[in-house]
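Here the structure comes first, spelled out in structure tokens, and everything after it is commentary.
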Amino acid sequence: MADELEDYREQVIKEYRDQVKKYSQEIRMGDDSTFNYSMLFNSYWRLYQFSSKDDKKPDIDKEVVEKACNQLLLKIKEDITKGNADAHTYCYLADIYIYREDNDKALKCYDKAVALDESCYLNRGDFKNIELDDREGALEDYNKALAVEKDPEKIELIKDSIESIDIFRNTDKILAETDKTIRDMKIKSFLIFGALILYIVFKIYVTVSYTHLRA
């Protein structure tokens, strides 16, 4: 399991490196859209997350991520000032608040996005599921997203997210039952560790899948 996670981590790092090259080049070529700045910021941010914790020579340092974040924020402020902001604009702004660990403001941005475009229920559902650990709130948003989504790939992602919540529910139930009957703490620790690994894999999967769908 550990080797598989490490292989997957290396694959994710490579994909984010490619994303950084792609969107950096598009911006240099003159396509300085807010979308491209958002994708560049997210690629730098995720690359920093996946590569800087364990690697002795990470791909980038925090200052690079901060620069990309500030560039995106300027584009967002420009869109809002000129009246060009749409639902996606507020999702981009939510990314910045998540990065800066301000979930309250991030949630307000997602609320605005949902009010403008119901397809953003998926974005808010992922936020509730991953950042807030609010499974019930996430499930409600996922079901709303499923009712309005037309893109087959996003529909499959929503279904996978709903299924993951069911898996976590079952895991919680198993742990509750074993807590009453199993005295061997090694077995219980193994179950908890397995659930943790599953959660980590899911977070990586959602992050990568969502980035690909936005691309």
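- Residues satisfying the side-chain hydrogen bond (donor to acceptor under 3.5 Å, both in side chains) criterion with Asp111, sequence neighbours excluded, are Arg124.
- Using modelled atom types and a 3.5 Å distance limit, the side chains of Gln19 and Glu15 yield no donor-acceptor pair.
- Without hydrogens or angle criteria, Asn42 side chain to Ser38 main chain gives a donor-acceptor distance under 3.5 Å.
- For the residue pair Gln25 / Arg28, no side-chain donor-acceptor distance below 3.5 Å is found, with atom types taken as modelled.
- The side-chain hydrogen bond (donor to acceptor under 3.5 Å, both in side chains) search around Lys112 returns none, not counting sequence neighbours.
- Considering every non-hydrogen atom in both Thr89 and Asn84, the closest pair reads OG1-O, 4.3 Å.
- Scored by the side-chain hydrogen bond (donor to acceptor under 3.5 Å, both in side chains) test, Lys14 finds Asp18 as partners (sequence neighbours excluded).
- In this structure, Ser119 and Lys150 have side chains that are not in contact, with every pair of non-hydrogen atoms separated by 4.5 Å or more.
- To the nearest 0.5 Å, atom CZ of residue Arg46 and atom CD1 of residue Ile13 are 14.0 Å apart.
- Taking all atoms of both residues into account, the shortest heavy-atom contact from Leu122 to Ala145 is N-CB, 3.6 Å.
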(message) Under the criterion side chain to side chain donor-acceptor pair (under 3.5 Å), I'd like the reasoning laid out for Tyr110 against Asp141: C-alpha separation, chi angles, the key distance, then a yes or no.
(response) CA-CA 11 Å; Tyr110 281 124; Asp141 277 352; over 6 Å; no
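- Taking CZ from Phe50 and CD from Gln11, the interatomic distance works out to 11.0 Å, rounded to the nearest 0.5 Å.
- Side-chain contact between Asp7 and Glu10: absent, with no pair of heavy atoms (C-beta onward) separated by less than 4.5 Å.
- Rounding to the nearest 0.5 Å places NZ of Lys75 at 5.0 Å from CD of Glu78.
- No path of Ile, Leu, Val, Met, Phe, Trp and Tyr side chains, each step under 4.5 Å between heavy atoms, connects Tyr121 with Ile162, placing them in separate hydrophobic clusters.
- Two rings, from Tyr44 and Tyr16, have their centers 6.0 Å or more apart.
- Within the 3.5 Å criterion, the main-chain N or O of Glu66 finds a donor-acceptor partner in the side chain of Asn70.
- Ionic pairing of Lys159 and Glu163 is not present here: no N-O contact between side-chain nitrogen and carboxylate oxygen is shorter than 4.0 angstrom.
- Under a hydrophobic-cluster definition in which Ile, Leu, Val, Met, Phe, Trp and Tyr are linked whenever side-chain heavy atoms come within less than 4.5 Å, directly or via other members, Tyr37 and Val64 are assigned to the same cluster.
- Judged by distance alone, the side chain of Ser24 and the main-chain N or O of Lys21 form no donor-acceptor pair under 3.5 Å.
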(request) Evaluate the side-chain contact (heavy atoms from CB on, under 4.5 Å) criterion for residues Val114 and Glu118: first the C-alpha distance (whole Å), next the side-chain angles of each, then the deciding distance (0.1 Å), finally the verdict. (result) CA-CA 5 Å; Val114 167; Glu118 290 185 334; 5.6 Å; no
(request) Check the pair Tyr97, Asp104 against side-chain contact (heavy atoms from CB on, under 4.5 Å), reporting the backbone distance first and the verdict last. (result) CA-CA 8 Å; Tyr97 284 127; Asp104 289 339; over 6 Å; no
(message) Assess the residue pair Cys109 and Cys91 against the criterion (side-chain contact (heavy atoms from CB on, under 4.5 Å)); give the C-alpha distance rounded to whole Å, side-chain angles, the decisive distance to 0.1 Å, and a yes or no.
(response) CA-CA 6 Å; Cys109 288; Cys91 288; over 6 Å; no
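- Atom OH in Tyr90 sits 13.5 Å away from atom NZ in Lys108 (nearest 0.5 Å).
- For the atom pair Asn123 CG and Asp117 CG, the distance stands at 9.0 Å (nearest 0.5 Å).
- Under a 3.5 Å cut-off, the side chain of Lys128 and the backbone N or O of Glu136 do not form any donor-acceptor pair.
- Placement of Val65 and Leu74 in two distinct hydrophobic clusters is found when ILVMFWY residues are connected by side-chain heavy-atom separations under 4.5 Å, directly or transitively.
- For the pairing with Leu93, the side-chain contact (heavy atoms from CB on, under 4.5 Å) check across Ile98, Asp79, Leu72, Leu73 returns one residue only, Leu73.
- Distance CG/Asp61 to OH/Tyr48: 8.0 Å, rounded to 0.5 Å.
- Ile155 approaches Glu149 most closely through the heavy-atom pair CD1-O, 3.6 Å.
- Closest of all the heavy-atom pairs between Thr34 and Tyr92 is CG2-CD1, 3.7 Å.
- Heavy-atom minimum distance, Arg135 versus Asn129: CG-OD1, 4.2 Å.
- In terms of modelled atom types and a separation under 3.5 Å, the side chain of Asn103 and the main chain of Ala106 share no donor-acceptor contact.
- Listed for the Asn143 side chain is a donor-acceptor partner under 3.5 Å among the backbone atoms of Leu139.
- Between the side chain of Asn36 and the backbone N or O of Asp31, at least one donor-acceptor pair lies under 3.5 Å.
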(message) Determine whether Trp45 and Phe41 satisfy the following criterion, side-chain contact (heavy atoms from CB on, under 4.5 Å), listing intermediate values before the conclusion.
(response) CA-CA 6 Å; Trp45 176 18; Phe41 161 63; 3.8 Å; yes
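- Using a 4.5 Å heavy-atom cutoff, the side chains of Ile96 and Asp102 are not in contact.
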